[in-house]
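Below: the structure, in structure tokens.
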Amino acid sequence: LDPKAVRHLLLTHAHADHSGGAAGLRARLDLTVAASNEAATTVRTGDEQRLSLDVARRAGAYPLDYRYDTCPVDVELGDGESYHVGDLVLTALATPGHSGDQLSFVLRQADKVSVFCGDTVFAGGRVLLQDIWDCSVQASCRSVERLAGLGIEGLYPGHLSFSVQRGHRHVDRAMAQVRQLLPPEQLA
């Protein structure tokens with residue numbers, strides 16, 4: 001892949017492990033940066049408390065000397081809005097829970113639905129809930145429910161394994177917990 005062919009950077013949420021490299025990529029490549037309305041504000045300002053970077057650094061998730069580089073955001077997306085990449089149309093789907101500003105991006109092609117879901121749900125139907133200001137068990141469960149109704153074939157989380165086929169089985173596993181009035185299994 002020629003890096004110069006990359007023209008779009010869609011941020012699922014503002015946490016530094018998802019948006020911290022945006023400024024560097026934008027400086028090196030001629031690309032458009034898109035994010036949710038809420039994430040756009042955080043990425044532009046680099047507010048460490050809104051990023052939960054202050055507590056993540058204290059918890060050892062980032063080196064003490066890590067500094068977040070702010071980045072302009074060209075396109076702000078709300079729930080249900082479309083984003084075009086060539087002939088492809090991605091639909092932004094608000095999926096808060098892991099963070100309040102999170103979007104998943106849904107790609108519908110013929111009879112296949114693929115979802116780029118950031119940290120909404122992971123392989124095995126697991127989620128990542130943290131003791132940070134904008135993380136919500138209830139919102140996470142509602143977001144899993146939103147994904148469950150899509151008939152997902154390709155599931156592409158922001159970390160670890162992904163599924164090119166039958167991605168719905170991971171969401172179904174998370175939903176089995178939600179139906180029991182429990183949050184999905186926690187990612188360890």
For Gln102 and Asp119, indicate whether the former's side chain and the latter's backbone hold a donor-acceptor pair under 3.5 Å. yes
Given 3.5 Å as the limit, does a donor-acceptor pair link the side chain of His170 with the main chain of Gly124, or not? yes
Before you tell me yes or no, could you show the steps for His159 and His18 under ring-ring contact (aromatic ring centres under 6.0 Å, His included), namely the whole-Å CA-CA distance, both residues' side-chain angles and the distance that decides it to 0.1 Å? CA-CA 10 Å; His159 303 278; His18 289 261; 4.8 Å; yes
Count the heavy atoms of every other residue, nucleotide or ligand shown that sit under 6.0 Å from CD of Gln49, and state whether that count exceeds 12. no
Quick one, Val75 with Thr32, criterion side-chain contact (heavy atoms from CB on, under 4.5 Å). Give me CA distance, side-chain angles, the key distance, then yes/no. CA-CA 8 Å; Val75 178; Thr32 299; 3.8 Å; yes
Step through the shown structure and confirm whether more than 12 heavy atoms of other residues, nucleotides or ligands are within 6.0 Å of CZ on Arg28. no
Identify the heavy atoms of Thr91 and Gly80 that sit nearest to each other, and give their distance. CG2-O, 3.8 Å
Should we say atom CZ of Arg44 is surrounded by more than 12 heavy atoms from elsewhere, each under 6.0 Å from it? yes
Regarding Ser19 and Tyr68, is there a side-chain donor-to-acceptor distance under 3.5 Å anywhere? yes
Applying a strict under-4.5 Å side-chain criterion to I, L, V, M, F, W and Y, I'd like to know whether Leu29 and Leu9 cluster together. yes
With a 4.5 Å cut-off on side-chain heavy atoms, are Val127 and Glu185 touching? no
Whether Ser140 side chain and Ser136 backbone form a donor-acceptor pair below 3.5 Å: no
Side-chain donor or acceptor of Arg169 paired with backbone N/O of Arg166 under 3.5 Å: yes
Can you give me the closest heavy-atom contact between Ser143 and Pro96, atom names plus distance? OG-O, 2.6 Å
From CA spacing to verdict: side-chain contact (heavy atoms from CB on, under 4.5 Å), Arg26, Leu31: CA-CA 6 Å; Arg26 195 170 197 277; Leu31 46 77; 4.2 Å; yes
Has Asp79 got a side-chain atom pairing as donor or acceptor with Ala94's backbone, closer than 3.5 angstrom? yes
Apply side-chain hydrogen bond (donor to acceptor under 3.5 Å, both in side chains) to the pair Ser36 and Glu76, showing each step before the final yes or no. CA-CA 5 Å; Ser36 71; Glu76 293 186 31; over 6 Å; no
Got a donor-acceptor contact below 3.5 angstrom from the Gln177 side chain to the Ala174 backbone? no
For Leu155 versus Cys117, what's the shortest heavy-atom pair and its separation? CD1-SG, 3.7 Å
Glu38 to Arg50 - nearest heavy-atom pair and separation: O-NH2, 4.0 Å
Just do the side-chain contact (heavy atoms from CB on, under 4.5 Å) check on Gln180 and Met175 with the steps written out, would you? CA-CA 9 Å; Gln180 297 292 320; Met175 270 306 297; over 6 Å; no
With heavy-atom distances below 4.5 Å as the criterion, would you say the side chains of Val43 and Thr70 are in contact? no
Would you give the length of the straight line joining atom CG of Leu147 to atom NE2 of His168, rounded to the nearest 0.5 angstrom? 13.5 Å
Going by the ring pair (Phe, Tyr, Trp, His ring centres under 6.0 Å) test, name the single residue among Phe162, Phe105, Tyr156 that passes it with Phe116. Tyr156
With the 4.5 Å side-chain cut-off for hydrophobic clustering, are Val85 and Leu25 part of the same group? no
Got a sec: does the CD of Gln186 have more than 12 other heavy atoms crowding it under 6.0 Å? yes
Can a donor-acceptor pair be found, under 3.5 Å and without considering hydrogens, that links the side chain of Asp74 to the backbone of Val33? yes
Scanning both residues in full, the closest heavy-atom pair of Pro184 with Val144 reads CG-CG2, 4.2 Å
What distance separates Asp65 CG from Arg57 CZ, expressed to the nearest 0.5 Å? 8.5 Å
For the CG atom on Asp87, are there more than 12 heavy atoms of other groups (residues, nucleotides or ligands in this structure) within a distance under 6.0 Å? no
Taking atom types as modelled and ignoring hydrogens, do the side chains of Thr120 and His98 form a donor-acceptor contact shorter than 3.5 angstrom? no
Compare every heavy atom of Leu103 with every heavy atom of Thr95, then report the nearest pair and how far apart it is. OG1-C, 3.6 Å
Just verifying a value: how many Å separate Leu88 CG and Ser82 OG, rounded to the nearest 0.5 Å? 12.0 Å
Mind running side-chain hydrogen bond (donor to acceptor under 3.5 Å, both in side chains) on Thr45 and Asp47 for me, showing each step along the way? CA-CA 5 Å; Thr45 65; Asp47 183 319; 5.2 Å; no
Output, in order, the C-alpha distance, side-chain angles, deciding distance and verdict of side-chain contact (heavy atoms from CB on, under 4.5 Å) for Leu90 and Val106. CA-CA 5 Å; Leu90 295 153; Val106 180; over 6 Å; no
